[in-house]
Q: 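The structure under discussion is supplied below as structure tokens; questions concerning it will follow.
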Number of protein chains: 2
Amino acid sequence: MFFLKELPTEEMVRNYTRNYSSDPARISETLHMMRRASLLIRKLEAYFASHNLSQLRFLILIVIDREPDEHSALTPQDILDRLDVSKPVLSRTLQTMERDALIRITANKKDGRSKSVFLTDQGRAKLTAVLPDYYALLVEEL
Amino acid sequence: MFFLKELPTEEMVRNYTRNYSSDPARISETLHMMRRASLLIRKLEAYFASHNLSQLRFLILIVIDREPDEHSALTPQDILDRLDVSKPVLSRTLQTMERDALIRITANKKDGRSKSVFLTDQGRAKLTAVLPDYYALLVEEL
DNA sequence: CCATTTTAGTTATCATGATAACTTAATGAG
DNA sequence: CTCATTAAGTTATCATGATAACTAAAATGG
């Protein structure tokens with residue numbers, strides 16, 4: 001995360017970078033973007049935590065729910081293809097989400113190495129419950 | 001972190017939010033910003049890790065170095081005032097940074113509860129070594 | 001001035017990210 | 001076919017974020 005409260009002024013960036021011929025205005029803009037994003041991500045994480053979710057849990061619910069067929073499943077590998085997260089993190093997160101009854105995991109008929117991940121009714125309900133305020137937080141910010 | 005690879009289209013956001021009368025364009029823009037920031041933060045973390053640093057370690061070096069007086073010190077509380085990070089995380093990070101000889105920590109003469117945190121020459125050198133490519137990463141991105 | 005409250009920092013514990021090394025199943029080259 | 005390689009998940013371990021509960025010193029106020 002990026003949690004510097006007082007970002008350097010463009011002047012300071014110019015000083016720091018004098019010898020490297022870069023673009024202070026662009027650097028400043030990027031620093032502001034990162035600070036804004038970090039604070040928002042923290043707000044969202046707090047919001048998700050209050051619903052026994054996390055960013056990642058939420059995104060997993062989203063990508064499964066997004067599938068065209070009703071009650072369709074994704075494999076963990078499918079989920080990895082859609083989310084930029086490491087395999088072990090996904091593995092662990094799926095285990096705790098199953099424990100919390102947000103998803104159901106079954107063996108995959110076609111491939112003995114793989115699994116199928118389904119949303120439970122609770123998982124779907126959680127997503128519905130959480131979305132309005134999620135979008136509200138995204139808008140309220142700026 | 002926010003690591004959804006395919007962000008929802010504005011159309012999809014509109015669908016999700018139909019009943020909550022929010023602003024799909026704004027939501028889309030914020031989602032893109034968050035994804036961009038997350039990827040950049042991850043890149044920066046990898047870069048810092050390759051120098052035995054982290055975002056937080058780097059920012060601690062920065063805020064001490066930024067002080068007007070040469071070789072001046074900040075208290076941990078001063079650092080907390082400048083960074084949005086929790087006290088225990090700072091405490092632990094300062095301990096490992098001292099172990100790695102990036103900073104020196106002494107008792108505070110004026111206040112028995114407090115400490116003084118100084119950059120070591122190594123700490124200052126590390127900062128100098130790391131800054132050019134740090135700014136390069138900020139610019140290269142977009 | 002002494003007792004209470006506030007402030008500074010630490011410790012313990014947990015969540016969530018990563019990489020490395022592992023198991024097991026599928027694939028594919030000979 | 002069979003052996004080597006590739007692919008899918010898991011386990012172990014570590015880093016970095018958080019909160020709660022703690023110790024000790026300073027400030028306050030009666």
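Labels below follow one simple rule: chain letters A, B, ... track the order of the sequence lines, proteins then strands, and each chain is numbered from 1. Small disclaimer: the values here were computed from a predicted structure and weren't measured.
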Q: Considering only side-chain heavy atoms of B:Val89, which listed nucleotide, C:dA18, D:dA18, D:dG9, is closest?
A: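 Minimum distance to the B:Val89 side chain belongs to D:dA18.
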Q: To the nearest Å, give me how far apart CG (A:Asn108) and P (C:dA25) are.
A: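 Distance check: A:Asn108 CG to C:dA25 P gives 13 Å.
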Q: Side chains of B:Met97 and B:Val117: closer than 4.5 Å at any heavy-atom pair?
A: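 Sidechains of B:Val117 and B:Met97: no contact.
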Q: Please find the pair of heavy atoms, one from A:Leu90 and one from A:Pro76, that lie closest to each other, and give the distance.
A: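 Scanning both residues, the minimum pair turns out to be CD2-O, 3.3 Å.
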Q: Rounding to an integer number of Å, can you tell me how far A:Ile41 CD1 sits from C:dT16 P?
A: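 That distance rounds to 15 Å.
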Q: Could you pull out the closest heavy-atom pair between A:Arg124 and A:Leu119, with the gap in Å?
A: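 Reported closest heavy-atom pair: NH2-O, 3.6 Å.
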Q: Please report, rounded to the nearest Å, how far the P atom of C:dA18 is from the CD atom of B:Gln55.
A: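 Taking CD of B:Gln55 and P of C:dA18, I get 15 Å after rounding.
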Q: Rounded to whole Å, please give me the gap between CZ in A:Arg42 and P in C:dT16.
A: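 Distance check: A:Arg42 CZ to C:dT16 P gives 16 Å.
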Q: Going hydrophobic residue to hydrophobic residue with side-chain gaps under 4.5 angstrom, can you get from A:Phe118 over to A:Ile64?
A: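 Different clusters.
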Q: Hey, is B:Glu67 close enough to B:Arg82 for a salt bridge, meaning N to O under 4.0 Å?
A: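 So B:Glu67 pairs with B:Arg82 through a salt bridge.
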Q: Nearest heavy atom decides the nucleotide; on that basis, is A:Leu80 or B:Gly112 closer to the 5' end of DNA chain D?
A: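 It is A:Leu80 whose nearest nucleotide is closer to the 5' end.
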Q: Categorize A:Leu90 for me: base, sugar-phosphate, or nothing, with a 4.0 angstrom heavy-atom threshold over every strand shown.
A: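 No contact at all - A:Leu90 keeps every heavy atom at 4.0 Å or more from the nucleic acid.
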Q: Can you tell me if A:Ser86 touches the phosphate of C:dA18, counting only side-chain N or O atoms and a distance under 4.0 Å to OP1 or OP2?
A: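 For C:dA18, OP1 or OP2 has a side-chain N or O of A:Ser86 closer than 4.0 Å.
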Q: For B:Leu44 and C:dG17, give me the distance from atom CG to atom C1', rounded to whole Å.
A: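 It is 16 Å, rounded to the nearest whole Å.
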Q: Could you pull out the protein-nucleic contacts involving nucleotides 12-15 of chain C (nitrogen or oxygen on both sides, under 3.5 Å)?
A:
none

Q: Do the side chain of A:Tyr134 and the main chain of A:Tyr47 share a donor and acceptor less than 3.5 angstrom apart?
A: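 A pair under 3.5 Å: no.
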Q: Rounded to whole Å, please give me the gap between CG in B:Leu39 and C1' in C:dG17.
A: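 Answer to the nearest Å: 14 Å.
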Q: Taking only Lys NZ, Arg NE, NH1 and NH2, and the carboxylate oxygens of Asp or Glu, determine whether A:Arg36 and B:Glu29 approach each other closer than 4.0 Å.
A: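 A salt bridge is present here (some side-chain N lies under 4.0 Å from a carboxylate O).
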Q: Looking across every strand, which nucleic acid part, if any, lies under 4.0 Å from B:Glu45 by heavy atom: base, sugar-phosphate, or nothing?
A: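 Since no nucleic acid heavy atom lies under 4.0 Å of B:Glu45, the category is nothing.
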Q: Keeping the roles fixed (side chain from B:Asp65, backbone from B:Ile62), state whether a donor-acceptor pair exists under 3.5 Å.
A: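 No; zero donor-acceptor contacts below 3.5 Å.
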Q: Please examine the side chains of B:Val85 and B:Thr93, heavy atoms only from C-beta on, and report whether any two atoms are closer than 4.5 Å.
A: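 Side-chain contact under 4.5 Å: no.
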Q: Any N/O pairs under 3.5 Å between the protein and nucleotides 5-8 of chain C? List them or say none.
A:
from  : atom 1 : to       : atom 2 : distance (Å)
C:dT7 : O4'    : B:Arg113 : NH1    : 3.4
C:dT7 : O2     : B:Arg113 : NH1    : 2.9

Q: D:dA18 P sits how many Å from A:Phe48 CZ, rounded?
A: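 So the two atoms are 18 Å apart, to the nearest Å.
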Q: Please check the phosphate of D:dG9 (OP1 and OP2 only) for any side-chain N or O of A:Gln95 closer than 4.0 Å.
A: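 Answer no for this pair, as no side-chain N or O of A:Gln95 is under 4.0 Å from OP1 or OP2.
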Q: Do you see a donor-acceptor pair shorter than 3.5 Å between the side chains of A:His51 and A:Arg57?
A: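 No, no side-chain donor-acceptor pair sits under 3.5 Å.
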Q: Mapping A:Lys110 and A:Arg57 to their closest nucleotides on DNA chain C, which lands nearer the 5' end?
A: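 First, find each residue's nearest nucleotide; the 5'-ward one identifies A:Arg57.
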Q: Check the distance between D:dG17's C1' and A:Leu56's CG and give it to me in whole angstrom.
A: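 The distance from CG of A:Leu56 to C1' of D:dG17 comes to 15 Å, rounded to the nearest Å.
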